[in-house]
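Keep in mind the model is a prediction, meaning the values are calculated, not measured. Every number for a ligand or one of its atoms is a count from 1 in the order of the listing.
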Amino acid sequence: MQIVVIASRKGGVGKTTLSAHLAVAAGQAHPGKVAILDFDPQGSLTWWAQHRNEGNPRFDSITEDALTSHLAELRKAGFDYVFIDTPPVEAPWVSKLISRADLVIIPTRASPLDIQAVGTTMLAAQHAHTNMVWVLNGISSRSHIADAVAAELKRFAPLAPTYVHERTDYVMAMGQGRTVLETKPSSTSAREIREVWKFISTRLHKA
Ligand SMILES: Nc1ncnc2c1ncn2[C@@H]1O[C@H](COP(=O)(O)OP(=O)(O)O)[C@@H](O)[C@H]1O
Ligand SMILES: [Mg+2]
């Protein structure tokens with residue numbers, strides 16, 4: 001079972017949105033084999049799952065003391081992938097989780113203030129010798145800065161070649177306990193999520 005942790009010390013970069021979307025993309029490719037955990041006490045993903053009302057991917061909200069036994073249970077039950085959404089804090093229990101992960105996904109927006117904040121999460125992954133990738137999220141189609149930011153990020157770790165753009169599709173879908181893969185399966189949004197998952201899955205098989 002491969003553990004994918006979505007982390008960033010910065011809030012609002014799309015951790016919860018991407019956790020949900022990538023877990024659903026993985027769940028559509030591997031029905032019954034994907035779990036998603038909310039490790040953020042704020043509970044945004046838990047709210048999403050409560051409005052979702054379906055079992056693929058399997059959802060659980062989890063605290064640090066229950067994590068080890070819960071992961072063992074998922075492994076025993078035959079799950080292949082578990083996605084874990086995390087809070088925007090630099091706490092020892094987040095670092096510990098990063099060290100247990102097969103892959104850390106660090107979402108970031110393409111602004112100087114966001115880029116300034118990604119360093120600590122990157123260092124936590126490097127310190128733990130955990131593979132990491134960047135995903136650029138919330139990119140405006142009129143933005144000229146994304147490619148420059150992408151080039152900078154790629155100096156440190158692989159970057160998903162597809163950017164996740166700023167679209168109300170994502171906000172609307174999350175508000176219904178769903179993802180764009182379900183609300184608009186033929187849209188450009190759904191296509192970009194499937195492409196990001198495809199990239200993530202290649203990184204996992206190398207992990
Ligand atoms: N690609 C996107 N397009 C439009 N809105 C987005 C996108 N990604 C995230 N958002 C919105 O930005 C806000 C923060 O996203 P969220 O996933 O909760 O980030 P985090 O978990 O990192 O705090 C939410 O209101 C969410 O709906
Ligand atoms: Mg969140």
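- Atoms of ligand 1 lying under 4.0 Å from any heavy atom of G138, numbered from 1 in the order shown and given with element: 1 (N).
- Only side-chain heavy atoms of N137 come within less than 4.0 Å of ligand 1; its backbone N, CA, C and O stay farther off.
- Taking all heavy atoms of K15, R109, R9, M174 into account, the minimum distance to atom 13 (C) of ligand 1 is reached by R109.
- The shortest non-hydrogen separation linking P57 to V24 is CD-CG2, 3.8 Å.
- Put simply, V5 and V82 are part of the same group of oily side chains (I, L, V, M, F, W, Y) that touch within less than 4.5 Å, one to the next.
- Close contacts of ligand 1 with G12, meaning ligand atoms under 4.0 Å from a residue heavy atom, involve 14 (C), 19 (O), 20 (P), 22 (O), 23 (O).
- For atom 23 (O) of ligand 1, the nearest protein heavy atom is under 4.0 Å away.
- With a heavy-atom cut-off of 4.0 Å, Q42 does not touch ligand 1 at all.
- Here the protein heavy atom with the shortest distance to atom 18 (O) of ligand 1 is T16 CB, 4.0 Å.
- Across all their heavy atoms, A146 and I139 have their closest contact at CB-CG2, 3.8 Å.
- Checking D147 against Y163 by side-chain atom types alone, a donor-acceptor pair falls below 3.5 Å.
- Ring-centre distance between F39 and W93: below the 6.0 Å cut-off.
- Here is the list of ligand 1 atoms found below 4.0 Å of a heavy atom in V13: 19 (O), 20 (P), 22 (O).
- Short contacts between ligand 1 and H165, defined as distances under 4.0 Å to a heavy atom of the residue, involve ligand atoms 1 (N), 2 (C), 3 (N).
- Among all non-hydrogen protein atoms, the one lying nearest atom 15 (O) of ligand 1 is T17 OG1, 3.8 Å.
- What sits closest to atom 19 (O) of ligand 1 on the protein, heavy atoms only, is G14 N, 3.0 Å.
- A donor-acceptor contact closer than 3.5 angstrom is absent between the side chains of D40 and T86.
- Residue F199 is tested with L159, T162, V133 for a side chain to side chain contact (heavy atoms under 4.5 Å, CB included); the sole match is V133.
- Counting protein heavy atoms only, atom 5 (N) of ligand 1 is closest to V171 CG2, 3.4 Å.
- Close approach to E166 involves these atoms of ligand 1, each under 4.0 Å from a residue heavy atom: 3 (N), 4 (C), 5 (N).
- With a cut-off of 2.8 Å, the Mg ion (ligand 2) has no N, O or S atom of T17 in range.
- Protein non-hydrogen atoms do reach within 4.0 Å of atom 2 (C) of ligand 1.
- Put simply, V13 and I106 are part of two different groups of oily side chains (I, L, V, M, F, W, Y) that touch within less than 4.5 Å, one to the next.
- With 3.5 Å as the limit, one finds no donor-acceptor pair spanning the side chains of H51 and Q176.
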(message) Pair S61, D38 - check side-chain hydrogen bond (donor to acceptor under 3.5 Å, both in side chains), show working.
(response) CA-CA 5 Å; S61 171; D38 190 355; 5.1 Å; no
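- Atoms of ligand 1 found under 4.0 Å from any heavy atom of Y170 (numbered from 1 in listed order, with element): 1 (N), 2 (C), 3 (N).
- Remark: of the listed residues T130, I6, V4, T130 is the sole one forming a side chain to side chain contact (heavy atoms under 4.5 Å, CB included) with V104.
- Under 4.0 Å from ligand 1, the heavy atoms of R167 that appear belong solely to its backbone.
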